[in-house]
Amino acid sequence: MSLKIYNSLTRKKEEFVPQAEGKVTMYVCGPTVYSLSHIGHARSAVSFDVVYRYLKYKGFDVTYARNYTDVDDKIIKRANDEGVTSEVIAERYIKAFDDDMEALGIELPTHRPKATETIDRIIEVTQTLIKNGYAYESNGDVFYSVRLKKDYGKLSGKNIDELESGARVDVNESKKDPLDFALWKASKPGEPAWDSPWGKGRPGWHIECSAMCMQWLGTTIDIHGGGKDLIFPHHENEIAQSEAATGKTPYARYWLHNGFVNIEKEKMSKSLGNILNISEVLKDYTSEALRLFLLSSQYRSPIDYTRDSLKDAESAMERFYKTVQRIETEWPDSTSVEFCVQCNQDKYKAIFDAMDDDFNTAEVIGQVFKEVTRANKLMDEAKASGKKEGTLELAYILCVFNLASKMLGIFCKKPAEYFNDKNSRSSIPAEEIEKLIVERTEARKNKNFKRADEIRDELLAKGIILEDSAKGTTWTTKS
RNA sequence: GGCGGCGUACCCAAGUGGCAAGGGAGCAGUCUGCAAAACUGCCAUCCAGCGGUUCGAAUCCGCUCGCCGCCUCCA
């Protein structure tokens with residue numbers, strides 16, 4: 001079956017056909033690096049990570065660029081507040097972003113350009129726009145004339161005249177029209193500046209993405225992604241200036257936009273003070289739980305982060321890894337990969353069909369957990385009947401897990417790795433827990449269940465759950 | 001005001017014409033010294049409401065109600 005993608009430009013699901021057979025070019029708007037990344041950034045990153053993984057899995061040769069906006073008003077403000085240069089701020093938060101991405105298991109894009117490394121190209125595109133009559137210089141600034149292209153507004157569905165009457169007018173004497181936006185800004189003293197035909201200055205916000213796309217991917221790209229909020233004005237302006245500069249339409253063939261993350265039903269915003277950073281969440285929950293939460297609804301819908309949502313996801317993740325662990329210890333033969341070739345393809349098809357339908361990750365997760373239940377049932381039944389015929393079926397189930405893990409970037413750890421990661425969040429040191437477990441085991445041997453239960457309750461109060469089995473006692477943190 | 005979206009069980013959520021996936025929580029059973037985990041069973045005759053189309057709709061159409069996003073920096 002072919003891949004269908006919802007295209008914001010046409011507002012329809014369309015069959016995905018790249019312009020060059022077998023090759024895909026994809027650009028996603030990355031962060032403005034002036035503060036720590038929040039779970040909204042995580043959602044965008046995870047959503048497009050899955051798109052990237054799946055396209056590769058389908059056999060496309062994907063060139064994927066995600067930028068860093070490292071010159072911008074907010075960065076400058078932060079730098080001034082701290083009394084350092086904007087480079088210092090940018091470098092610090094690029095590092096922080098990269099660390100967050102790594103923790104989230106995001107695959108590295110092919111290119112990760114910075115705006116400040118693309119200045120030559122930005123100037124070149126701006127010059128072209130002036131030459132083509134779409135932009136004008138005014139007191140060292142260069143503006144793009146929004147009214148000159150008749151199809152302005154095609155992505156966001158905006159009408160220029162309505163925009164103007166409703167818009168808060170940006171008071172700027174240099175502009176011919178309030179809707180015009182800056183391609184190049186004359187720099188004030190103390191701001192980062194580059195030489196240009198219009199004097200010292202720095203790029204505007206929208207132009208960098210156009211320039212980076214052209215530089216790394218070409219004049220018409222296959223996929224352009226970003227958060228829903230970027231549709232207007234950012235992506236609208238990108239389209240206008242790129243198409244005006246190159247004369248080629250469309251600038252991007254498929255536009256993908258991920259939905260927002262709300263916090264307890266409210267929009268995340270600085271004024272509400274409810275911004276949740278990725279690093280904060282990962283202090284309490286594993287990255288797989290966060291990814292599972294983000295992927296358990298469709299990437300275009302809004303999702304609501306609540307106190308319980310990550311707990312639920314963590315419990316689900318634990319259920320998954322418990323099952324894998326059980327298969328590996330009770331049925332080690334089934335972990336042999338050569339069984340994969342014999343696998344029946346029905347479940348695979350269900351997973352591919354789901355992903356082909358605009359990346360229905362929730363459906364894939366549903367399929368995985370169906371197999372989790374099936375695996376456990378199979379092992380229980382085998383245990384009851386004393387038969388050992390489930391090896392092939394379990395191997396097949398593991399293959400389904402493996403397939404899903406490649407696409408979603410979850411379900412891919414060794415169980416021990418996952419539990420170590422999870423248990424590293426325990427409130428007391430592991431050695432202390434181990435010591436108490438030894439004491440409790442001794443007490444249980446002596447049938448001193450009162451003391452044994454005391455220890456268990458004591459640990460439970462600290463968020464540690466004990467599990468007794470024939471092989472001894474293990475512990476885990478409460479999610 | 002303009003544009004777009006949403007409303008499925010206690011919570012989250014998939015399903016977009018053929019008799020409601022999955023996760024979490026809860027209850028009961030098996031197991032256990034007791035628990036925990038795991039498994040089994042139960043948990044939406046119904047998909048905001050009202051009409052219509054159809055042999056048949058949560059899925060299509062119309063209306064009503066409720067919620068949300070964008071139009072300004074924002075993932």
Side-chain angles (χ1 to χ4, degrees), chain A residues 8 11 13 28-32 34 37-48 72-74 153 156-159 161-163 165-170 205 225-234 236 257-262 265-270 275 292-293 296-298 300-306 308-320 322-323 325-326 350 354 357 360-373 375-381 383-384 444 447-450 452-453 456-457 460 465-470 473-476 478-479:
Chain A
S8 304
R11 296 182 186 84
K13 266 186 206 171
V28 172
C29 290
T32 300
Y34 72 104
S37 305
H38 52 66
I39 54 174
H41 295 108
R43 184 175 198 198
S44 180
V46 169
S47 299
F48 292 108
D72 158 273
D73 291 347
K74 292 186 291 288
S156 55
K158 307 260 178 247
N159 172 304
D161 296 315
E162 281 164 4
L163 266 178
S165 58
R168 243 183 260 171
V169 178
D170 179 6
W205 174 34
K228 262 201 167 94
D229 53 320
L230 296 179
I231 292 173
F232 188 87
H234 183 54
E236 197 66 74
H257 292 99
N258 66 273
F260 266 45
V261 180
N262 294 321
K265 301 236 195 294
E266 283 186 310
K267 183 175 168 175
M268 226 189 325
S269 75
K270 254 167 265 161
I275 301 226
L292 181 70
F293 164 66
S296 61
S297 41
Q298 221 277 340
R300 284 186 281 120
S301 329
I303 51 175
D304 194 31
Y305 180 99
T306 66
D308 290 333
S309 53
L310 267 273
K311 269 191 192 176
D312 290 357
E314 193 79 86
S315 299
M317 224 51 246
E318 196 161 342
R319 173 164 147 77
F320 173 81
K322 278 260 158 83
T323 302
Q325 198 166 46
R326 184 176 173 200
D357 183 14
N360 189 344
T361 51
E363 173 65 29
V364 176
I365 291 166
Q367 293 291 337
V368 166
F369 279 97
K370 249 193 223 170
E371 295 302 285
V372 166
T373 302
N376 280 311
K377 202 183 286 190
L378 209 137
M379 288 187 284
D380 277 2
E381 280 165 6
K383 199 182 240 172
R444 288 178 69 213
K447 302 252 188 273
N448 183 358
F449 296 122
K450 186 166 169 284
D453 291 351
R456 189 168 62 199
D457 292 344
L460 186 62
I465 296 167
L466 296 186
E467 289 170 19
D468 298 327
S469 78
T473 301
T474 55
W475 63 276
T476 180
K478 198 159 72 178
S479 21

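Quantities reported herein were computed from a predicted structural model and do not represent experimental measurements. Hydrogens, waters and symmetry mates play no part in the numbers below; they use all other heavy atoms, side chains included. Order of the sequence lines fixes the chain letters, A, B, ..., with proteins taken first and strands second; residue numbering starts at 1 for each chain.
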N/O to N/O distances under 3.5 Å, protein versus nucleotides 46-48 of chain B:
none

### Query
Are A:N376 and A:M379 close enough that some pair of their side-chain heavy atoms sits under 4.5 Å apart?
yes
### Validation row: A:Y305, A:L310 side chains within 4.5 angstrom (heavy atoms)
yes
### Task
Using only side-chain N and O atoms of A:N376, determine if any of them is under 4.0 Å from OP1 or OP2 of B:C39.
yes
### Summary
As its Watson-Crick or G-U partner within any shown strand, both distances under 3.5 Å, B:C34 has none
### Message
Using whole Å, what does the distance between atom P of nucleotide B:G69 and atom CZ of A:F232 come to?
### Response
18 Å
### Query
Rounded to whole angstrom units, what separation is found between the NE2 atom of A:H257 and the P atom of B:C70?
14 Å
### Task
Would you indicate what A:G227 reaches in the nucleic acid, counting non-hydrogen atoms under 4.0 angstrom: base, sugar-phosphate, or nothing?
sugar-phosphate
### Query
A:I465 versus A:L460: any side-chain heavy-atom pair under 4.5 Å?
yes
### Query
Which nucleotide, in any strand shown, forms a Watson-Crick or G-U wobble pair with B:C27, with both distances under 3.5 Å?
B:G41
### Query
Nearest-Å distance, CD1 (A:I303) to P (B:A14)?
10 Å
### Query
Below 4.0 angstrom, N of the basic side chain to O of the carboxylate: do A:D453 and A:R456 qualify?
yes
### Query
Which whole number of Å gives the distance between the C1' atom of B:U53 and that of B:C63?
15 Å
### Query
Using the P atom in both, what is the distance from B:C73 to B:G2, to the nearest Å?
23 Å
### Task
Would you please confirm or rule out a distance under 4.0 Å between OP1 or OP2 of B:G15 and any side-chain N or O of A:N360?
yes
### Message
Output the rounded distance in Å from CZ (A:R11) to P (B:C3).
### Response
11 Å
### Message
For A:K322 versus A:E467, what's the shortest heavy-atom pair and its separation?
### Response
NZ-OE2, 3.0 Å
### Message
Tell me the closest heavy-atom pair linking A:S8 and A:H257, and the distance in Å.
### Response
OG-ND1, 2.7 Å
### Task
Specify the separation, in whole Å, of atom NZ of A:K158 and atom P of B:G2.
12 Å
### Query
Which part of the nucleic acid does A:L230 contact within heavy-atom distance under 4.0 Å: base, sugar-phosphate only, or nothing?
sugar-phosphate
### Distance between C1' atoms of B:G49 and B:U8 (Å, rounded)
15 Å
### Message
Counting only Watson-Crick pairs (N1-N3 plus N6-O4 or O6-N4) and G-U wobbles (N1-O2, O6-N3), all under 3.5 Å, who is the partner of B:G17?
### Response
none
### Query
Does a side-chain N or O from A:K377 land closer than 4.0 Å to OP1 or OP2 of B:U40, or not?
yes
### Query
Which heavy atom in A:R43 sits nearest to a heavy atom in A:R300, and how many Å separate them?
NH2-N, 4.4 Å
### Short side-chain donor-acceptor distance under 3.5 Å, A:E371 and A:Q367
no
### Message
I'd like to know if A:K377 pairs up with A:E381 as an ion pair, taking the criterion as any Lys NZ or Arg NE/NH1/NH2 lying under 4.0 Å from an Asp or Glu carboxylate oxygen.
### Response
no
### Message
Across nucleotides 16-33 of chain B, 5' to 3', mark each nucleotide with B, S or - according to how protein heavy atoms within less than 4.0 Å reach it.
### Response
-----BSBS--------B
### Task
For A:T306, report the nucleic acid contact type (base, sugar-phosphate, nothing); a contact means any heavy atom under 4.0 Å.
nothing
### Task
For nucleotides B:A9 and B:G5, find the distance between their C1' atoms and express it as a whole number of Å.
23 Å
### Task
Can you tell me the pairing partner of B:G69 across any strand shown, Watson-Crick or G-U wobble, with both distances under 3.5 angstrom?
B:C3
### Query
Got A:T373 and A:R319 here, is their nearest side-chain heavy-atom distance under 4.5 Å?
yes
### Query
Expressed in whole Å, how much space separates the P atoms belonging to B:G4 and B:C61?
15 Å
### Closest heavy-atom pair and its distance - A:V261, A:G40
CG2-CA, 4.1 Å
#### Entry: Inter-nucleotide P distance (B:A35, B:U30), Å rounded
11 Å
## Note on the structure
A:M268 atom CE is separated from B:C73 atom C1', nearest whole Å, by 15 Å
#### Entry: Spacing between A:R326 atom CZ and B:C39 atom P, to the nearest angstrom
8 Å
### Task
For A:E314, enumerate each residue passing the side-chain hydrogen bond (donor to acceptor under 3.5 Å, both in side chains) test, keeping only those at least two apart in sequence or located in another chain.
A:T286, A:Y418
#### Entry: A:K478 NZ to B:A35 P, straight-line distance once rounded to whole Å
18 Å
### Message
Could you identify the nucleotide paired to B:C63, looking across every strand shown and requiring Watson-Crick or G-U wobble geometry with both distances under 3.5 Å?
### Response
B:G49
### Task
Have a look at A:V261 and say if it touches a base, only the backbone sugar-phosphate, or nothing, with a 4.0 Å heavy-atom cut-off.
base
### Task
For B:G62 versus B:A21, give the span between their P atoms, rounded off to a whole number of Å.
29 Å
### Task
For A:I231, answer base if it contacts any base atom (sugar-phosphate contacts may also be present), sugar-phosphate if it contacts only those atoms, and nothing otherwise; contact means non-hydrogen atoms under 4.0 Å.
nothing
### Message
I want to confirm an ordering. Mapping A:F260 and A:S309 to their closest nucleotides on RNA chain B, which one lands closer to the 5' end?
### Response
A:S309
### Task
Please give the nucleotide sitting opposite B:G22 as a Watson-Crick or G-U wobble pair, both distances under 3.5 Å, or none.
B:C12
### Query
Rounding to the closest angstrom, what is the interatomic distance between B:C11 and B:G26 at atom P?
15 Å
### Query
Where each residue is assigned the nucleotide of RNA chain B containing its nearest heavy atom, which of A:K267 and A:T32 is assigned the position nearer the 5′ end?
A:K267
### Message
Under 4.0 Å, heavy atoms only, any strand: does A:E318 hit a base, just the sugar-phosphate, or nothing?
### Response
nothing
